[in-house]
Amino acid sequence: VESHSELKLGQKLNEGKTKQIFELVDEPGHVLVQSKDQITAGNAVRKDQMEGKAAIANKTTSCVFKLLQDAGFKTAFVRQHSETAFVASRCEMIPIEWVCRRIATGSFLKRNPGVKEGYRFSPLKMEMFFKDDANNDPQWSEEQLLAAGFELAGLTIGRCEVDIMSKSTVAIFEVLEKAWATQDCTLVDMKIEFGVNVTTKEIVLADVIDNDSWRLWPAGDRSQQKDKQVYRDLKEVTPEAMQMVKRNFEWVAERVKLLLESQAKGRVVVLMGSTSDVAHCEKIRKACGSYGIPCHLRVTSAHKGPDETLRIKAEYEGDGVPTIFVAVAGRSNGLGPVMSGNTAYPVINCPPITPDWGAQDIWSSLRMPSGLGCSTVLSPEAAAQFAAQILGLNDHLVWARLRASMLNTWVSLKQADKKLQECSL
């Protein structure tokens, strides 16, 4: 964490209730987001100084953005700069708070009388609020957002952009929900904001995500809530009450660091029948790397050296690391079936199919003796993805990469469609 002296600050671009934003003279297209030691509630009707809040909020938001960025989400976050500030891409902000809810509580109950607290939304409940302090941030519909026709950094916010933000909000919530679940903590709801990156003209997750942004209930128990709601609920603000609020914020800042750590390290072991298959196997290894999964390549033939194949199998079964075997064997695939009949671990066949005999060879992977459970996936990238989906059940970081990749695929299709329509109009 560098010292402040190294960044030349330009003019102050914006100041909100809890932060200031400065342009950076030596880094065009970047800004410094400086947190303040202020906590507010009810549109700043209540506001107090909370010593150390800037550092706690900055630590929290930096960890959350790192988690999302490593997963593959597009964000404005660049790097943490100091205890109380981070560097971000300069954005023109879209004046909407996107709220995503898993459990009905708070303002939702007031606006929807009759709904019981604790009602679970599956799928998630999405709401939008227009940022307008004078009118207490009114709730907006998609139609109102489209009718407003915002233009930011040269991008008009139309149907395509609204859909991208809506889908992204859900994906971001799901990734953070899975991450907090590893700490036995329920992410109840959260609010986020998007901006248009002035350099790339892309919609990115912007602003901050800290303990003001969500409700967190340890063990799903509202009475243990750790978020800003504790401050909102205070009957009166006493020094003791503020100490309690601060302790909650510190608890979150400490826990949030743990979200960046994998809970269950798994691995993929690719067994190939001969080194002639190494190019095919390298594709599997590369794709595993994109999900953050370690991948080992081994050469063994179940036909020519079954004893050695079973010895290698025992080596990986013996250290307790969750392992998925991928069998890569051309011609007659004995490797996958032999492995599958002798291990309780998952086995995926990924045979390299050649044009000459491929149509016949594939049956040695598809038609198995009874009692064998190996699957067959022809594309090396898809075999790695399937392995990631299995490991992602117990590793929130692998799951986050799968989820972000799914979103990014959807977004690129959406944008390709928009481009094509503009060309043909």
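In what follows, every heavy atom counts, from backbone to side chain, and hydrogens, waters and symmetry copies are set aside.
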Donor-acceptor contact below 3.5 Å, side chain [X] vs main chain [Y]:
{"X": "S290", "Y": "A287", "answer": "yes"}
{"X": "D189", "Y": "C100", "answer": "no"}
{"X": "D277", "Y": "H280", "answer": "no"}
{"X": "S379", "Y": "A382", "answer": "yes"}
{"X": "D395", "Y": "Q263", "answer": "no"}
{"X": "T156", "Y": "G158", "answer": "no"}
{"X": "S62", "Y": "N58", "answer": "yes"}
{"X": "K59", "Y": "T84", "answer": "no"}
{"X": "Q20", "Y": "K36", "answer": "no"}
{"X": "S364", "Y": "S332", "answer": "no"}

(request) Please test T169 against M190 for side-chain contact (heavy atoms from CB on, under 4.5 Å), starting from the C-alpha separation and ending with a verdict. (result) CA-CA 9 Å; T169 301; M190 71 179 287; over 6 Å; no
Answer yes when [X] and [Y] have at least one side-chain N-carboxylate O distance shorter than 4.0 Å, and no when they do not.
{"X": "K167", "Y": "D163", "answer": "no"}
{"X": "E92", "Y": "K201", "answer": "no"}
{"X": "E308", "Y": "R311", "answer": "yes"}

(message) Can you confirm whether the side chains of N349 and N333 place a donor and an acceptor under 3.5 Å from each other?
(response) yes
(message) Can you see whether S405 engages R401 through a side-chain donor-acceptor pair at a distance of less than 3.5 angstrom?
(response) no
(request) Only one of T182, L259, L67, I293 passes side-chain contact (heavy atoms from CB on, under 4.5 Å) with L397; say which it is. (result) L67
(request) Quickly, which of V162, I96, L146 forms a side-chain contact (heavy atoms from CB on, under 4.5 Å) with I157? Name it, please. (result) V162
(message) Going by the rule salt bridge (charged side-chain N to carboxylate O under 4.0 Å, His left out), which residues pair with E151 if we only count those two or more places apart in sequence or in a different chain?
(response) none
(request) Taking salt bridge (charged side-chain N to carboxylate O under 4.0 Å, His left out) as the test, write out the residues that go with K178, two or more places apart. (result) none
(message) For K419, is the NZ atom crowded, meaning more than 12 foreign heavy atoms sit under 6.0 Å from it?
(response) no
(request) Inspect the surroundings of NZ in K17 and state if more than 12 heavy atoms from other residues, nucleotides or ligands are less than 6.0 Å away. (result) yes
(request) Show your working on salt bridge (Lys or Arg N to Asp or Glu O under 4.0 Å) between K286 and E381 and close with a plain yes or no. (result) CA-CA 8 Å; K286 186 176 175 218; E381 291 78 13; over 6 Å; no
(request) Kindly indicate whether a cation-pi arrangement holds for K191 with W98, taking the cut-offs as under 6.0 Å to the six-membered ring centre and within 45° of the axis. (result) no
Separation of [Y] [atom2] from [X] [atom1] (nearest 0.5 Å):
{"X": "R101", "Y": "R215", "atom1": "CZ", "atom2": "CZ", "result": "6.5 Å"}
{"X": "N408", "Y": "M406", "atom1": "CG", "atom2": "CE", "result": "11.0 Å"}
{"X": "L378", "Y": "C350", "atom1": "CG", "atom2": "SG", "result": "7.0 Å"}

State, to 0.1 Å, how close [X] and [Y] come at their nearest heavy-atom pair, and which atoms those are.
{"X": "A57", "Y": "D210", "result": "CB-OD2, 3.6 Å"}
{"X": "I56", "Y": "A253", "result": "CG2-CB, 3.7 Å"}
{"X": "A206", "Y": "M93", "result": "CB-SD, 3.7 Å"}
{"X": "K53", "Y": "Q38", "result": "NZ-O, 3.2 Å"}
{"X": "L335", "Y": "G273", "result": "CD2-N, 4.0 Å"}

(request) Please find out if less than 6.0 Å separates the ring center of F249 from that of Y231. (result) no
(request) Quick one: do V326 and V269 satisfy side-chain contact (heavy atoms from CB on, under 4.5 Å)? Show the steps, please. (result) CA-CA 6 Å; V326 180; V269 175; over 6 Å; no
(request) Given side-chain contact (heavy atoms from CB on, under 4.5 Å), test S35 with T18 step by step and report yes or no. (result) CA-CA 6 Å; S35 289; T18 57; over 6 Å; no
(request) Check the pair R102 / E177 against salt bridge (Lys or Arg N to Asp or Glu O under 4.0 Å), numbers first and verdict last. (result) CA-CA 9 Å; R102 174 64 81 195; E177 175 181 46; 2.8 Å; yes
(request) Let me see the working for E27 and K8 under salt bridge (Lys or Arg N to Asp or Glu O under 4.0 Å), right down to the final yes or no. (result) CA-CA 9 Å; E27 294 186 46; K8 283 231 310 257; over 6 Å; no
(request) Hey, can you tell me if F65 and F77 have their rings parallel, tilted or perpendicular (30° and 60° cut-offs)? (result) parallel
(message) Is the ring pair W140/F130 parallel, tilted or perpendicular, if the boundaries are 30 and 60 degrees?
(response) parallel
(message) Evaluate E317 against K313 for salt bridge (Lys or Arg N to Asp or Glu O under 4.0 Å), listing each step before the verdict.
(response) CA-CA 6 Å; E317 285 175 326; K313 173 195 77 84; 2.8 Å; yes
(request) Any salt bridge (charged side-chain N to carboxylate O under 4.0 Å, His left out) involving residues 318-327? Give me the pairs, sequence neighbours left out, ordered by first then second residue. (result) R267-D319
